[in-house]
Amino acid sequence: MAEEKSFKYVIVGGGVSAGYAAREFFKQGVKPGELAIISREQVPPYERPALSKGYIHLDNKATLPNFYVAAGSGGERQFPQWYKEKGIELILGTEIVKADLASKTLVSGTGQVFKYQTLLAATGSSVIRLSDFGVPGADAKNIFYLRELEDADYLAYAMETKEKGKAVVVGGGYIGLELSAALKANNLEVTMVYPEPWCMPRLFTAGIASFYEGYYANKGINIVKGTVASGFSTNSNGEVTEVKLKDGRTLEADIVIVGVGGRPIISLFKGQVEEEKGGLKTDGFFKTSVPDVYAIGDVATFPMKLYNEMRRVEHVDHARKSAEQAVKAIKAAEEGNSIPEYDYLPYFYSRAFDLSWQFYGDNVGESVLFGDNDPKSPKPKFGSYWIKEGKVVGAFLEGGTPDENNAIAKLARAQPSVESLEVLSKEGLSFATKI
């Protein structure tokens, strides 16, 4: 029987939330030996967004030490040494396969037992694979997904070996758009395939999307909409050679990248914790229905105060902030103090080519487009507002300055009333900057 290890606090998962929780525990005066992070990845927590950005730009590659947590938010980079100095135990390459919350016990795949007094579930999301849907040939070589460092390493290697080859990107969301740009920048011929009528449909309106699709087309990226990958052909080495589409067409491919979404990893807690909207249900302090068990990041479904409803958010900004909130709440409870409830403003951003956009708030209600969204413009700058019940509830801006991005964030939180959509389209960005 493997020896049992016992900690006051255990974080299960080793992504962004785990890294920021460790940082907050340190700020709150955690003692050496009290905290452990158990992660199935082989490296300490890192800023995951770097994987689809700097990490796969081959001629100017960001390497790992540069994006350990908390580099992404301007904090100190937490090297393995950082954890050691603070007496925080990093238990890497270790997957927890069983969690018995009643007895506060975790068991790893190799049978190692961990006890805790307080648990933070920071298990994140797993990537949805085409093989999950039984797509024929989906396990061929050179079909890649991007979630962890190892995925990015395989992809970067393939991009080097297949230089000037043909890449097919399946999916028109975040990963699809960022990776198509990266592949193009690394001299591959790129085709994007997605079933929706336009890219990033969860956030973009048709007006926003038409700019990015036009911009990508001008960069030489081929876009195929309204169909899905229904199969893959391979050569005698088992490497992918073509993508078969549902509409009957085939696309030649040396590399395929699939970005069709993720799903929260909550199977450890099934039947033990209340769930909602696909995640573990929490309060405004990230406490679950089970005493001393907290959930943070992608797996938490929490009350979003601003909109008075339960939401689950898959984004790095919330991964960081929810971790900090949960740890502050744990420490406050120990000291008999209280802290304010989490009050989150949804925020999304992306960078690709020379473009950079930010979005704040809620993309519901009617939308209005403003500014110059001609993909051929030398310096395109445009945005969108969302209006619900006479109030501006969301704002999107491409090409904004830091001040302008701050202005749309303020606007989305303030939710000012507006007389008409015409006013917004006429005033455009100045509506936000004058507030």
Side-chain angles (χ1 to χ4, degrees), residues 171-174 176-177 194-217 223 225-226 261 277-278 301-315 317-318 343-350 352 355-377 380-401 403-435:
Y174 254 120
L177 287 167
Y194 46 91
E196 300 90 356
W198 62 76
C199 63
M200 275 292 272
R202 286 203 303 191
L203 175 61
F204 289 0
T205 59
I208 294 173
S210 71
F211 166 81
Y212 294 99
E213 290 177 351
Y215 191 98
Y216 275 49
I223 296 178
K225 299 192 274 191
K277 294 186 176 171
T301 301
F302 62 95
M304 198 176 279
K305 228 171 141 172
L306 203 52
Y307 307 123
N308 198 21
E309 63 177 54
M310 298 295 287
R311 297 262 182 113
R312 198 173 65 75
V313 175
E314 295 177 1
H315 196 264
D317 180 57
H318 162 71
D343 187 9
Y344 186 67
L345 175 69
Y347 161 56
F348 297 97
Y349 69 91
S350 184
L355 304 173
S356 169
W357 59 258
Q358 294 196 6
F359 165 84
Y360 294 91
D362 217 9
N363 58 323
V364 293
E366 293 182 275
S367 67
V368 62
L369 199 65
F370 61 83
D372 172 15
N373 70 333
D374 179 352
K376 293 190 178 68
S377 283
K381 185 172 190 165
F382 71 95
S384 204
Y385 295 121
W386 282 262
I387 302 91
K388 188 184 169 189
E389 291 159 11
K391 289 180 172 161
V392 182
V393 292
F396 172 96
L397 185 60
E398 165 62 52
T401 64
D403 284 350
E404 290 164 342
N405 288 328
N406 283 339
I408 64 162
K410 266 208 190 94
L411 175 91
R413 192 175 271 288
Q415 302 184 5
S417 298
V418 63
E419 291 147 51
S420 68
L421 299 184
E422 287 76 63
V423 170
L424 283 179
S425 61
K426 202 168 79 214
E427 290 195 19
L429 186 55
S430 64
F431 182 84
T433 50
K434 72 178 186 201
I435 284 183

Checking side chain to side chain contact (heavy atoms under 4.5 Å, CB included) for the pair Arg311/Leu306: CA distance, chi angles, key distance, verdict?
CA-CA 11 Å; Arg311 297 262 182 113; Leu306 203 52; over 6 Å; no

Pair Leu355-Tyr212, side chain to side chain contact (heavy atoms under 4.5 Å, CB included): steps then yes or no:
CA-CA 9 Å; Leu355 304 173; Tyr212 294 99; 3.8 Å; yes

Does the pair Phe431 and Phe370 meet the rule for a side chain to side chain contact (heavy atoms under 4.5 Å, CB included), with working shown?
CA-CA 11 Å; Phe431 182 84; Phe370 61 83; over 6 Å; no

For a side chain to side chain contact (heavy atoms under 4.5 Å, CB included) check, start with the C-alpha distance between Ser350 and Leu177, then their side-chain angles and the critical distance, and finish with the verdict.
CA-CA 9 Å; Ser350 184; Leu177 287 167; 5.8 Å; no

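The two residues Lys277 and Arg312 have their closest heavy-atom pair at O-NE, 3.3 Å. In terms of heavy atoms, Ser377 sits closest to Pro380 at O-CD, 3.3 Å. Closest approach of Ser210 to Pro375, counting heavy atoms only: O-CG, 4.4 Å. In terms of heavy-atom proximity, Ala432 sits nearest to Ala407 at O-CB, 3.9 Å.
Partners of Lys225 by side chain to side chain donor-acceptor pair (under 3.5 Å), not counting sequence neighbours, listed by chain and number: Glu213. With sequence neighbours excluded, the residues satisfying salt bridge (charged side-chain N to carboxylate O under 4.0 Å, His left out) with Glu427 are Lys434.
With rounding to the nearest 0.5 angstrom, the CD1 atom of Ile408 is 8.5 Å from the CZ atom of Phe396. Here the CG atom belonging to Leu345 is positioned 8.5 Å from the CE atom belonging to Met304, to the nearest 0.5 angstrom. Taking CD1 of Ile387 as the reference point, atom CG of Leu421 lies at 5.0 Å (rounded to 0.5 Å). For the atom pair Tyr360 OH and Leu411 CG, the distance stands at 12.0 Å (nearest 0.5 Å).
Side-chain contact check for Tyr349 and Asp317: no donor-acceptor pair (N or O, by modelled atom type) lies under 3.5 Å.
Atom CD of Glu419 has 12 or fewer neighbouring heavy atoms from other residues, nucleotides or ligands inside a 6.0 Å radius.
The side-chain heavy atoms of Lys305 and Tyr344, taken from C-beta on, include no pair separated by under 4.5 Å. For the pair Asn373/Ile208, no side-chain contact is recorded, criterion being any heavy-atom separation below 4.5 Å from C-beta on. In this structure, the side chains of Tyr347 and Val313 stay at 4.5 Å or more apart for every pair of heavy atoms.
The side chain to side chain donor-acceptor pair (under 3.5 Å) contacts involving residues 381-390 comprise Lys381-Glu404, where partners must be two or more places apart or lie in separate chains.
Side-chain atoms of Asn363 come within 3.5 Å of backbone N or O of Arg202 as a donor-acceptor pair. Formation of a donor-acceptor pair under 3.5 Å by the Gln358 side chain with backbone atoms of Glu398 is not found in this model.
Ring orientation note: the planes of Phe204 and Trp357 are nearly perpendicular, at an angle over 60° on the 30°/60° scale. Ring orientation note: the planes of Tyr215 and Phe211 are tilted relative to one another, at an angle of 30° to 60°.
Taking a cutoff of 4.0 Å between a charged side-chain nitrogen and a carboxylate oxygen, Asp362 and Lys391 do not qualify as a salt bridge.
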